[in-house]
Amino acid sequence: MAEAERAPLKVITRGEGSYLFDTDGNRYLDAVSNLFCVNLGYSYGEELGQAALDQYRQLGYHSNWTTTHPRAIELAARLAELAPDDLNHVFLTPSGGESVEAAWKIARQYYQLRGENRWKAIARDMAYHGTTLGALSLGGIRRMRSPFEPLVPAVAHARSTARAGRPADESEEDFTAFLLDDLEQRIVSEDPSTVAMIILEPIQNHGGSLTPPNGYFAGIRALADKYGILLVSDETITAFGRVGEWFGSTRFDFTPDIITTAKGLSSAHAVIGAVIVNDRVYEPFSGVGVSLQHGNTFGGHPVMAAVALKNLEIMERLQIPERVRAKENLLRDSLESLRDLEIVSDVRGAGFFWSVELTGSHANGSPLSQPQRDRVFARTHLAGALEDRGILTRVSLDGVNPIICVSPPLVAEDREFTLIRDALAEVLSEIDSTRKAL
């Protein structure tokens, strides 16, 4: 807030394709899809707006409590078609965080209906699942948790797939075994009979597009089955084409019991999310006189649902998941070229969801002091310098090393990849010179 008083926030007035424009007419490439959500970019507003207008003319609002409306039915049916395996049942929400909240309540009531008292959840270190109190409790980002503690109890955190602190020569198989052993220890220490769900993202955003090692998700699915725990895939970011499939769990070949979504469901042109559950989870709720003790006034809002349906229609027309897979290697190779800079320690991700990790050390390997880190990685040096070159992205300084997020709209072309690479190469070269001079 103090920073905003010193330097007023940039005001964005319009968008086109993968670009945004401010009040001064400056153009910026949106290299992070705003908040990893504007999957279709900014050129389909007329179609999406017409879908909203048509729905407003017909029915501007109706809840989904004791009655429903056509757009909610159509959207639920379409999501059930797109979702993998037997994830056939949909609960519509207003956002990703509220999808996560709903998933935890569904899991708790599921076991209650089965005569079991399970209420705990296991998430991962550094994970982000939303800002509502329950979702924040699941998250593993200390900076965000600490102002609001004590949080909702009964959440344990297992290791993320970050490699920091692991032996440099550790094989992928050994790393997977280590992670699964850590998770199983968490389950056992909490008493498995009290654990309702394990929640994770197919690619963990916070920490820098943390991808799973081989066998990781198959092992987690096996542990969930072994202890009778529901597996929740938080796909607020990774669904709807972001990683080259309709759902990230499909990309990494595992089947969750529950999927949470939002963001790309409408490409952020409408405020809407969804929870999708499989037949097994749905079954105990289908008894006479039973209902899910949860709801949202705006969940499945008819106008929001109409926009989401149009968004999915456009995505299918443009073959967005296939397009992302076809262009993934080009985006990856553009970013991988940055490894030639000594300051770049890693490049990782999948689809259109990547991170560039920077080293927080001197050239001799000794860690930078905090004042040195502040000097080298100040916002004006990183995000500000990229903005000056027409690139908007997100820079995280929360972890062991600084992270630059690269997640352009799924309609981005080869020329956008080149612009991102060239701007990063120029800015990081300058920062590397500063680091080496310390």
Q.
With a 4.0 Å cut-off on N to O distance, would you call Glu81 and Arg78 a salt bridge?
A. yes
Q) Between Arg163 and Glu170, is the closest basic N to carboxylate O distance under 4.0 Å? A) yes
Under 3.5 Å donor-acceptor, [X] side chain and [Y] backbone:
X: Arg186; Y: His157; value: yes
X: Glu101; Y: Gly134; value: yes
X: Gln109; Y: Gln293; value: yes
X: Gln55; Y: Leu59; value: yes
X: Glu172; Y: Asn214; value: yes
X: Thr68; Y: Asn64; value: no

Q: Kindly confirm or rule out a cation-pi arrangement of Arg166 over Phe178, judged by NZ or CZ under 6.0 Å from the six-membered ring centre and within 45° of its axis?
A: yes
Q: Examine Arg118 relative to Tyr111 and say whether NZ or CZ is less than 6.0 Å from the centre of the six-membered ring and inside a 45° cone about the ring axis.
A: yes
Q | Ile198 side chain near Leu231 side chain, heavy-atom distance below 4.5 Å | A | yes
Q. Testing Asn296, Val277, Ile258 for side chain to side chain contact (heavy atoms under 4.5 Å, CB included) with Phe91, which one passes?
A. Asn296
Q: Check the side chains of Asp30 and Tyr42 for a donor-acceptor pair under 3.5 angstrom, ignoring hydrogens and angles.
A: yes
Q: Report yes or no: do Ser33 and Arg242 form a side-chain donor-acceptor pair below 3.5 Å?
A: yes
(Q) Suppose we call two aromatic rings close when their centres sit under 6.0 Å apart. Are Phe247 and Phe240 close by that rule? (A) yes
Q | Ser209 versus Trp354, closest heavy-atom pair with distance | A | OG-C, 3.2 Å
